[in-house]
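Here is the structure we will look at, set down as structure tokens.
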Amino acid sequence: MNFPRGNIGRLFALVGFIFFLFALLVGQFFHIQILERDKWRTQAGRQHYFDVIEPFVRGSFYSNLAVKKGHPEIPQKFAFDIKKFHLYIDPENIPEQYTNEIASQLEAISHPSDRERALLRAQFDKESRSRKIVSWMDEETKERILKWWRPYAKKRHIASNAVFVVGDTERCHPFGKLAGQVLHTVRAQKDEETQQAYPTGGLELSQDPFLRGKLGKRRLLRSPRHFLETNMVIDCPIDGKDVHLTINHCLQAIAEEELERGVRACRARCGWALMMDPYTGEILALAQYPFFFPDNYQSYFNNPTLIEDTKVKAITDANEPGSIMKPVSLAIALKVNKLRRAEGKAPIFSPDEKIDTSHGSFPGRSRPITDTHFHHWLNMHMGVQKSSNIYAATLIGRVVKTMGNGWYRNELETTFGFGKTCGIELPGESAGVLPTPGKKHPNGRFEWSVPTPYSLAFGHNIQATSLQMARVYALFANGGTLVEPTLIRKIEKNGVTAVDNTSPERLARFPRVIDQDIVDQVVRAMKFITKRGGTAPAANIWGYTEAGKTGTSEKIVNGTYSKNNHVSTFVGFAPLSHPAFVLLVCMDEPAKFYIPGKGPNQQGGICCAPVFREIGRRTLEYLGIPLDDPYGWPRQDPRYDPKKADWNREIEELEILHKRWNG
Amino acid sequence: MRFFAKIFIPIAIVAIALYAYIEEHNRLTKMRIEVPELAKKLRLLEEENTRLQFESEKFQNPLHLMELARGPHFSHLRHPYQNDIITIPVKPQKEGS
């Protein structure tokens, strides 16, 4: 085939042009498919798919149901999340002529709070695209609103999203104020990006790393009429772990009920009760009055006078323990006796020794130590029964003379844990103050001087939290082991355990710091306290054996001891054969007045002892612990038998001896 | 005739297979449409369950139960002593029984 020469040129030009166009196309393909691959892929993904957030559930707090043996119960939650809804409006999308009608309808259907009701109408006049008008609505209310709104908006040609609801989870407390200070809550506002809650304090704050969850993401395929499940879970939501507490909801309720009654009766500023398992250190109840209602947290944090009620004072406030320190002094003196006997030396005192308590002059003191009642001669049991400051100071005087100040201070620190935190899982735990030789107070005076040991003997010049004192008494209850207090039994989710405080290995770690024979002698002495002639007969739990000690100390106000402000305490345990609990009851600033036939209201044996008895009695009943002193009832009770009642004979013998020595 | 049979049979087989494939695809699509709806229903049921649990626990508030226990209808009841409780151990069932 012959082409004219000019035509061949045109043909080549055409082919070349077509090839050039094709090359451009290939180049464009290369640019789009290879070089800009990710950009177009993302854009296509956005057009065809969309991601939805998969919410997580914050961990819950569970009650301890293991306290009641042989009595399985359904797990009870103290706090958990519930789905709720907030009602929003878009004021710019609502025509003015419908504003009043919509506002009144929404007000009628959504049941707003008084504060929201007052502000509701004004929200429609704001220049905004999103105003929250009602918070925390339930599912039914939300459905009622949408059922009314959709046809209403359609009929009047209002944008359907001019009224909308947003889902949220609310922290709920089915038991209300129960253990409010311990648990605390989370703020109503959450982090917008992560949806994490902001805890207000307590265990919600300290255990937040465990309670937090993680949002998930799921991908859906866009379709004109439906969302299609692609089965693509980009990120699995991770729910927060559940915290299983050592607190039992029934024991907590008993403690709170009796504590409230006690605080009101003695007209104290505040009061708290701490109950601990003496063998495991598990805190079974931790009550404080006035209560903190977590659901109403804003009113507490907005009021400087109420903010105090949000603290757990048994853990954050350290006070002078007063006379509840005396059994510690006794145990230390008995320990010295044992050490000296082991070295073949004479003991520093004998429990039966007649010690002179008629004068309280001690080295370095400008004023003598005094007792509330004058006693001339006391032995160890009488010294504890009558709560003699002079007796305790005399014993510690002998301890320091024999072993030195350093040894005595070391005993208080290492054996009994004073001056150190207990490691409880709550924020703000105080370590208290144990004076140190050579160290100065902020006012420039030395913490430790010549008379310091005598003051420490009866709980002055030292500051300790109620938790530290309860731990010391747990030591007496369990036979000499220093336990680690805890509020958490387990932290777990779906069978995976993050923290386990129930293991025998944990209990095996507790050090034995005092020998059983010394503990037995101290407990025998403390048994006189709740019986006739003791400082707290009102703490006698009828039908059960118990031991304990009262304490009343003057508060330090503006750097000096106040004669009108006291901190009163009773701490004890029951039943003595195998104590089920150690219970400390403390009243902060009970009213100072005299109750005829009883004594000064502000004393621990008057204001705290009855609360101890009632909480103790109801606790032992709840736990199903059989009576171990079945004849130990009030004299007028037909069940009382003076010959068989526990400790009756010992009391009579001590009374006779006291009368013989002191007239 | 044989020619038409030879043509028709493969076409019919292909058509049936295609129909079955499309039918299966439709069935899967229908299920995929239902999944988000069912997931929503399940979520609502779970939320309702949590809400009811809250109501039930609110009623079982120990303070409320203790108040009931003090009333005349329940005041005769007492907590059993630990030694009154008999625990019967449950033996694990043998396989096949």
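Remember, it's a predicted structure, so these values are computed and weren't measured experimentally. Letters A, B, ... mirror the listed sequences (proteins, then strands); counts begin at 1.
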*Determine which residues belonging to residues 247-259 of chain A lie within contact range of chain B, meaning some heavy atom pair is under 4.5 Å apart, and list them by number or answer 'none'.*
A/His249, A/Cys250, A/Ala253, A/Ile254, A/Glu257
*asked:* If I measure from the heavy atoms of chain B, does A/Pro75 come under 4.5 Å with its side chain, its backbone, both, or neither?
replied: backbone
*So, are B/Arg51 and A/Glu140 salt-bridged, with charged N and O less than 4.0 Å apart?*
yes
*asked:* I'd like to know whether CZ of A/Phe291 has more than 12 heavy-atom contacts from other residues, nucleotides or ligands below 6.0 angstrom.
replied: yes
*B/Gln60, part contacting chain A, at a heavy-atom distance under 4.5 Å*: both
*asked:* Measuring from atom CZ of B/Phe54 to atom CD of A/Glu170, what distance do you get when rounded to the nearest 0.5 angstrom?
replied: 8.0 Å
*Identify which part of B/Leu65 has an atom lying under 4.5 Å from any heavy atom of chain A, answering side chain, backbone, both or neither.*
neither
_For A/Pro174 versus B/Asn61, what's the shortest heavy-atom pair and its separation?_
O-ND2, 4.1 Å
*Which answer fits A/Gln76, side chain, backbone, both or neither, if we ask what part of it has an atom under 4.5 Å from a heavy atom of chain B?*
both
*Heavy-atom pairs under 4.5 Å with chain B are the metric here; pick the option from A/Asp138, A/Ile74, A/Ile625, A/Val57 that has the most.*
A/Ile625
_If you count heavy-atom pairs within less than 4.5 Å of chain B, which of A/Pro626, A/Cys172, A/Gly176 leads?_
A/Pro626
*CZ of A/Phe175 to NE2 of B/His64: how many Å apart, nearest 0.5 Å?*
12.5 Å
*Quick one: CD on B/Gln53 to NZ on A/Lys77, what's the gap to the nearest 0.5 Å?*
4.0 Å
*Does CD in B/Glu67 sit with more than 12 non-hydrogen atoms of other residues, nucleotides or ligands closer than 6.0 Å?*
no
*For B/Glu57, is it the side chain, the backbone, both, or neither that has a heavy atom closer than 4.5 Å to a heavy atom of chain A?*
both
*Go through the steps for A/Lys83 and B/Glu46 under the test side-chain contact (heavy atoms from CB on, under 4.5 Å), then give the verdict.*
CA-CA 10 Å; A/Lys83 187 74 188 272; B/Glu46 281 173 352; over 6 Å; no
*Within residues 69-82 of chain B, which positions have a heavy-atom distance to chain A below 4.5 Å?*
B/Arg70, B/His79, B/Pro80, B/Tyr81, B/Gln82
_Between A/Lys84 and chain B, with a heavy-atom cut-off of 4.5 Å, which part of the residue counts as in contact: side chain, backbone, both or neither?_
neither
*Is A/Arg150 atom CZ crowded by more than 12 heavy atoms from other residues, nucleotides or ligands, each under 6.0 Å away?*
no
*Is it the side chain or the backbone of B/Leu63 that comes within 4.5 Å of chain A heavy atoms, both, or neither?*
both
